[in-house]
Structures are given as structure tokens and as C-alpha cells.
Amino acid sequence: GVAKIHTEILKHTALKDWYRLYPERFQNKTNGITQRRWFALCNRELSGLVTELLGSDRWITQLDALEELVPYARDLQVLQRFTAIKQEKKRQLAAYVLAQEGVRIDPDTVFDIQIKRLHEYKRQLLNAFSILWIYFGIKDGSIQNFAPTTFLFGAKSAPGYRRAKGIIKYINEIARLVDGDPQVRDLIRVVFVHNYNVSYAEKLVAAADISEQISTAGTEASGTGNMKLMLNGAITMGTLDGANVEIRDVVGDENIIIFGMKTEEVNALKAAGYRPEDYYNNNEVIRACINRMYKGINGCVFNDVADSLKNSDPYMVLADFDSYRAAQQRSSQLYQDTRKWTQMSLANIANAGVFSADRAVNEYAKEIWGL
């Protein structure tokens, strides 16, 4: 298994018969990332500060050296330098987005970023629904004191995955809706970047304030985007799925924003007979969001996506929606306390050492390949 929760799912669900026969053949090797590309190369400003604070660049091959950053969470001058570097990376990304997309974004807003393959289980739809709720809430006055936020998406779908392409179109139409409304566009902005790839990702992970890791619990084998974003100081907002579980374990509940059902709760709801129509009928916000799909946004209707949510909702977007909305509100409030947010960010960087690919490959070499 490539994350601890993935290994447990293999043992007790996917391959339980084999596990009963050969338990000794099952072990966990959580994925990792290379800090050479995803920190040293893509964030020279922050990695340079880390080298200065640690007195050497040994983290390049021994990422757990980052643990020595922990005491700096009490150093106001260091926290201010971290904040200034994050702001510089946001300015760089804003300039790149303007050049690539022709869209102007404000680096003084929260950069809330979801970058990964477009798939229903990764639930970009959950994020999009929340953006619509925020949009409606700002307009009717029910949402107050929301930190101005830029929501950035990067994704590609499989060539024949029609519904995924529909979701991409849906998010882009929400972006047009928001951008065309002068009452809202200074408070929220939505950008779906074109041709998302590693070069774009290098700029996005270095600038992110919030890392969206919102897959349905029990569906993500591991994920490594969450590790790249964490290493660059983004705060994870996510479910207890994939490697999010281990990120939570190393940073502590106070340095991550967790929401939604756990794997066992997802399984129990499925076993009891999940009825998404109940959420549609009983939740005014959900009903408004789905009805807007049928009604259309900028003349585009999304009947297929709406029918899927209302009638089957295989990845339980509706069941986790209220919990996710609460997480969005919490993140907005936390961000407005700059010192607290920067301390959370530093805690994520300091505890990222275990997610190095060096550790993962060494475990394979010693415990599987016998090298």
C-alpha cells in the first residue's frame, strides 16, 4: 500500500482473502516526493531561507532536517520573512497567470488551490459547489467577513471521460459568472488554468495558501500533490483520505483543516443505503446549487452532472457538503490571523521530512528488494 490507509483497505477490503492467507506479504510504503524539484528548484526564496536558518543545505538529501525549524515558530522576525516570501511567490504566480491566461488575480487574496487529475472521486465539484454558495452568500449578505479569495484549479481529464469534461466546463462557467459580477469579483475570483502540467504546478505549489485535498474518504490511494503543497507551507484542507491521514499525524490537528466523513462512516452510509435525493430535498443550499445546473450558467446547462448528483452521487459530494462549507469558513477566519497562519505554515514545512521520496525508496530497497 502507498499510504497507511491504503494498506489497511487492501488488507481488509480489496484483498482481504489474500491477506488472510498471506499476511506477511502485506506492508506499507507511503509515497514520497523529491525535495530537489518541489522545494529547492521551484521555491528558491523559501528553500534559501531554510538553508540559512539550518546553517546548511543538508535537507536536500536529508529532508527530516527540517524538524530543526520548529523553534522558529516563536520568532516573529522569521515568521515575517516567511510571510514576505509567500507574498513574493504569489506575485510571481499572479504575473504568470496574467501572461498565460490573460486573467488578473490579486496576490493579496487567499490563494486556495486544487491541482490534480480531474475525476469525480477527487471532488472538484465539492469545491465548485462551495464557491457558488460563497457567491450567493456574498450577494444576499448571509456571508460576512469572508477573506477575499482566489480559487485556482488545475486539472486534465481522461480523453473519453465526458462527465469530467462537463465538470471542467462547469467550473469555467462559474468563473465567468463571478468575473462578470462587480458586486462579487473583488471578493472571490475563480481561475481554471490551461494546460496544467509540472511547470505550472511548480509555480502553483510555491504560491498556495490552502491545499485542497478533498477526495471521498477511502478512495485516494495516496496522493503526492498534498505533500508538495505542504512542503511549501500550504495548509491542507482535506478529508481523512490517502496521505492526508499521515499529514495530520505529523502536523497535529491544530495545523490542518479536516472535514467530512471517515472511511468507516462512508462505508456505513453506503451499507445503510445512501439517498442523495434526501440532501437535495432537505438542504436549501444544495438544492439551489443543483437547480442552477439545470437552469444554466451563462446559457450552459449541466443536466448530466446534476442528474448524477441528485440520483446517485457515487462519491458523496452532498453528504460532505455542509462539513466542507464549515471548513471553508474556518479557513477564512484562520487566515485573517496572519501570525497564527504563518505558524501553521511553518509547522507543515518543519514536519514534511517523512514525505521525501528518498525515505520511500530506501524502504523499498531495504524491506522489499533486499538491496
Side-chain angles (χ1 to χ4, degrees), residues 33 35-60 62-96 105-113 115 147-150 152 201-213 225-237 247-248 250-257 330-356:
I33 59 169
Q35 63 268 28
R36 268 78 66 184
R37 175 173 295 278
W38 295 110
F39 195 52
L41 180 65
C42 75
N43 201 340
R44 295 179 187 275
E45 296 88 343
L46 186 54
S47 61
L49 175 58
V50 167
T51 295
E52 176 191 330
L53 294 174
L54 298 183
S56 80
D57 62 0
R58 66 188 182 281
W59 57 266
I60 292 176
Q62 301 170 41
L63 194 59
D64 54 7
L66 295 180
E67 292 176 357
E68 295 173 28
L69 293 172
V70 170
Y72 289 105
R74 298 185 296 274
D75 188 321
L76 183 58
Q77 186 178 19
V78 168
L79 293 176
Q80 288 171 340
R81 292 179 70 186
F82 268 90
T83 301
I85 287 170
K86 176 64 76 173
Q87 199 63 23
E88 173 58 25
K89 301 310 288 186
K90 290 167 75 172
R91 281 193 290 269
Q92 291 173 14
L93 177 61
Y96 191 77
I105 60 176
D106 184 355
D108 290 328
T109 61
V110 182
F111 278 14
D112 184 311
I113 294 182
I115 44 174
T149 300
T150 300
L152 289 137
E202 288 175 345
K203 297 169 179 63
L204 288 159
V205 300
D209 293 307
I210 296 173
S211 164
E212 296 269 359
Q213 308 296 332
N226 49 5
M227 303 172 188
K228 296 162 190 170
L229 286 149
M230 170 201 190
L231 179 58
N232 284 272
I235 310 303
T236 300
M237 181 158 60
I247 291 176
R248 191 275 310 268
V250 297
V251 303
D253 289 325
E254 67 277 13
N255 295 309
I256 191 170
I257 301 168
R330 182 178 170 221
S331 69
S332 182
Q333 292 163 0
L334 283 169
Y335 183 82
Q336 294 176 63
D337 183 343
T338 303
R339 181 170 183 172
K340 170 63 176 171
W341 187 268
T342 308
Q343 287 174 326
M344 293 171 66
S345 177
L346 180 56
N348 274 268
I349 298 167
N351 288 285
V354 69
F355 299 113
S356 171

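Residue indices begin at 1 and follow the sequence shown.
- Under 3.5 Å, the side chains of T342 and T83 contain a donor-acceptor pair of N or O atoms.
- Note that the CG atom of L54 and the CD atom of Q62 stand 11.0 Å from one another [nearest 0.5 Å].
- Of all heavy-atom pairs spanning I257 and S331, the tightest one is CD1-CB, 3.5 Å.
- For the pair D112 and M237, the tightest heavy-atom approach, listed with the atom from each and the gap, is OD2-CE, 4.0 Å.
- Among I210, L204, L93, T149, the one residue that satisfies the side chain to side chain contact (heavy atoms under 4.5 Å, CB included) test with F111 is L93.
- When atom types are taken as modelled, the side chain of Q35 and the backbone of I60 share a donor-acceptor pair closer than 3.5 angstrom.
- In this structure, N226 and I247 have side chains that are in contact, with non-hydrogen atoms separated by less than 4.5 Å.
- Inter-residue side-chain proximity for L231 and I33 is flagged as met; some heavy-atom pair is nearer than 4.5 Å.
- For the atom pair CD1 (I235) and CG (L334), the distance works out to 8.5 Å, reported to the nearest 0.5 Å.
- L229 CG to W38 CH2: the interatomic distance, rounded to the nearest 0.5 Å, is 9.0 Å.
- Sparse packing is recorded around CD of Q77, with 12 or fewer heavy atoms of other residues, nucleotides or ligands lying under 6.0 Å away.
- Here E45 contributes atom CD and K86 contributes atom NZ; the two are 11.0 Å apart, rounded to the nearest 0.5 Å.
- Counting only distance, with no hydrogens or angles, the side chain of S345 and the backbone of W341 share no donor-acceptor pair below 3.5 Å.
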Next item on the list: Run the numbers on Y335 and D337 for side-chain contact (heavy atoms from CB on, under 4.5 Å), then give the verdict.
Entry: CA-CA 5 Å; Y335 183 82; D337 183 343; over 6 Å; no

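- With values rounded to the nearest 0.5 angstrom, I115 atom CD1 is found 8.5 Å from Q213 atom CD.
- At most 12 heavy atoms of other shown residues, nucleotides or ligands fall within 6.0 angstrom of atom CZ in R37.
- The minimum heavy-atom distance between A147 and V110, with the atom names listed, is CB-CG2, 3.9 Å.
- Sorted by first and then second residue, the ring pair (Phe, Tyr, Trp, His ring centres under 6.0 Å) pairs with a member in residues 72-93 form an empty list; sequence neighbours excluded.
- You'll find the side chain of Q80 stays beyond 4.5 Å of the side chain of R339, heavy atoms only.
- Salt bridge status for D209 with K90: present, with a side-chain N to carboxylate O gap under 4.0 Å.
- Residues L79 and L346 are in side-chain contact: their nearest non-hydrogen atoms beyond the backbone lie under 4.5 Å apart.
- Between the N43 side chain and the F39 main chain, no donor and acceptor come within less than 3.5 Å of each other.
- Taking all atoms of both residues into account, the shortest heavy-atom contact from R36 to A40 is O-CB, 3.3 Å.
- Considering N348, T236, I349 in turn, N348 is the only one that fulfils the side chain to side chain contact (heavy atoms under 4.5 Å, CB included) rule with V251.
- When every heavy atom of K89 is checked against every heavy atom of A207, the shortest pair comes out as O-CB, 3.6 Å.
- A donor-acceptor pair is defined here as one N or O able to donate and one able to accept, closer than 3.5 Å; no such pair exists between the side chain of E202 and the backbone of L41.
- At least one side-chain heavy atom of V205 sits under 4.5 Å from a side-chain heavy atom of C42.
- Between T51 atom OG1 and R44 atom CZ the span is 11.5 Å, to the nearest 0.5 Å.
- Side chain of N232 to backbone of K228: a donor-acceptor contact under 3.5 angstrom is found.
- Checked by atom type and distance alone, the side chain of S356 never pairs as donor or acceptor with a backbone atom of L63 at under 3.5 Å.
- Contact detail for A73 and Q343: the closest heavy-atom pair is O-NE2, 2.9 Å.
- In summary, K340 and E254 do not engage in a salt bridge, as defined by a charged side-chain N under 4.0 Å from a carboxylate O.
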